[in-house]
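Data block below; observations after.
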Amino acid sequence: MKNKKIEVLLVEDNPDDAELALLAFKKANIIEDSQIHIVSDGVEALEYLFNIEDEDDLLFNIEDEDDLRLNHRPQLILLDLKLPKLGGLDLLKKIKSHPESKKIPVVILTGSKDIKDWIDSYDLGAECFLHKSADFSQLVEAAGMAVLGAFEIEKSSGG
C-alpha cells in the first residue's frame with residue numbers, strides 16, 4: 001500500500017466530523033498514503049467529480065450525461081447524508097447513475113438513525129453504512145478497511 005496513493009473524496013458539511021474522519025485515517029496509519037479532498041455539500045462534490053460547466057449540468061439524469069465526464073475519479077467516497085444544497089442520497093443516486101462513476105465505492109458516514117436512510121443507501125449502491133456515533137476505534141478500523149477495500153476494487157478492475 002505504501003507505493004500507491006489512494007484518492008478519497010470526503011463529503012461532509014460539519015468541520016468537526018471531517019476532522020474526526022481525518023484523524024481516523026491518521027490513526028490507522030493510512031493518511032500519508034491517501035490524498036483526501038474535502039467538500040462541504042453535494043453540489044461541491046458534483047463539481048469536483050464531473051466537468052460541470054453550468055448549473056444545468058448539476059441536474060443531470062442518466063439519459064443526458066453524454067457530455068458529462070469525470071474530472072476526478074477517487075478510489076473511495078465517504079459521504080454524509082444530511083448535506084446542504086444537494087442531499088447525500090440525491091448525490092449517491094447521481095454518482096451511481098453515471099457510467100464512469102458508478103463503480104466508485106461509496107461509504108455512507110452519517111449520524112442518521114433512520115432505517116429508511118440505510119435501506120435507501122444500499123438500494124442506491126452504497127458499499128457500507130457507518131454511523132458517526134460509533135466509537136473512535138471502530139471508525140479507525142472502518143477507515144482502514146474502506147481504503148483496503150478500495151485498493152482491492154481498483155486492483156481487480158485493472159486500475
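None of these values were measured; they are calculated from a predicted model. All values below were derived from every heavy atom in this structure, side-chain atoms included, with hydrogens, water molecules and symmetry-related copies excluded.
Annotation: salt bridge (Lys or Arg N to Asp or Glu O under 4.0 Å) contacts of D90 (sequence neighbours excluded): none. Qualifying salt bridge (Lys or Arg N to Asp or Glu O under 4.0 Å) partners for D13, counting only residues two or more places apart in sequence or in other chains: none.
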Query raised in the report: So E100 and R73, salt bridge (charged side-chain N to carboxylate O under 4.0 Å, His left out) or not? Walk me through it.
Result: CA-CA 8 Å; E100 290 182 72; R73 189 189 190 289; over 6 Å; no
Requested in this report: Tell me, with the steps shown, if D80 and L109 meet side chain to side chain contact (heavy atoms under 4.5 Å, CB included).
Outcome: CA-CA 5 Å; D80 184 15; L109 183 60; 5.9 Å; no
Query raised in the report: For S121 and L81, what are the C-alpha separation, side-chain angles and deciding distance, and is it a side chain to side chain contact (heavy atoms under 4.5 Å, CB included)?
Result: CA-CA 9 Å; S121 296; L81 290 184; 3.8 Å; yes
Query raised in the report: When you look at K82 and D117, which way does the side chain to side chain contact (heavy atoms under 4.5 Å, CB included) test go after all the steps?
Result: CA-CA 10 Å; K82 306 301 182 198; D117 286 340; 3.1 Å; yes
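Rounding to the nearest 0.5 Å gives a distance of 10.5 Å between CG of D17 and CD of E19. N14 contributes atom CG, which lies 9.5 Å from atom CG of L20 (distance to the nearest 0.5 angstrom). With rounding to the nearest 0.5 angstrom, the CG atom of L78 is 10.0 Å from the CD1 atom of I38. Within the model, atoms CG of L9 and CD of Q35 stand 10.5 Å from one another, a figure rounded to the nearest 0.5 Å. Between E12 atom CD and T110 atom OG1 the span is 8.0 Å, to the nearest 0.5 Å. Note: L91 CG to E44 CD = 11.5 Å, rounded to the nearest 0.5 Å.
Between H72 and H37, the ring-plane angle classifies as parallel under the 30° and 60° cut-offs.
Minimum heavy-atom separation, S101 to F50: OG-CZ, 3.5 Å. Summarising the geometry of W118 relative to F129, their closest heavy-atom pair is NE1-CE2, 2.9 Å, with the distance given to 0.1 Å. Scanning both residues, L79 and G88, for their nearest heavy atoms gives CD2-O, 3.5 Å. Taking both residues in full, the closest heavy atoms of E47 and N71 are given as O-ND2, 4.2 Å, listed atom of the first, atom of the second, then distance.
No side-chain heavy atom of E127 sits less than 4.5 Å from a side-chain heavy atom of L76. Within the 4.5 Å cutoff, side-chain heavy atoms of L49 are placed close to those of L70. Side-chain atoms of V8 and P74, non-hydrogen and from C-beta on, never get closer than 4.5 Å to each other.
Side chain of Q75 to main chain of E7: a donor-acceptor pair is present (N/O by atom type, distance under 3.5 Å, no hydrogens or angles). Under the 3.5 Å distance criterion, the side-chain polar atoms of K96 are matched with a main-chain donor or acceptor of K102.
Of the candidates V106, V11, I77, D120, V106 is the only one forming a side-chain contact (heavy atoms from CB on, under 4.5 Å) with L92.
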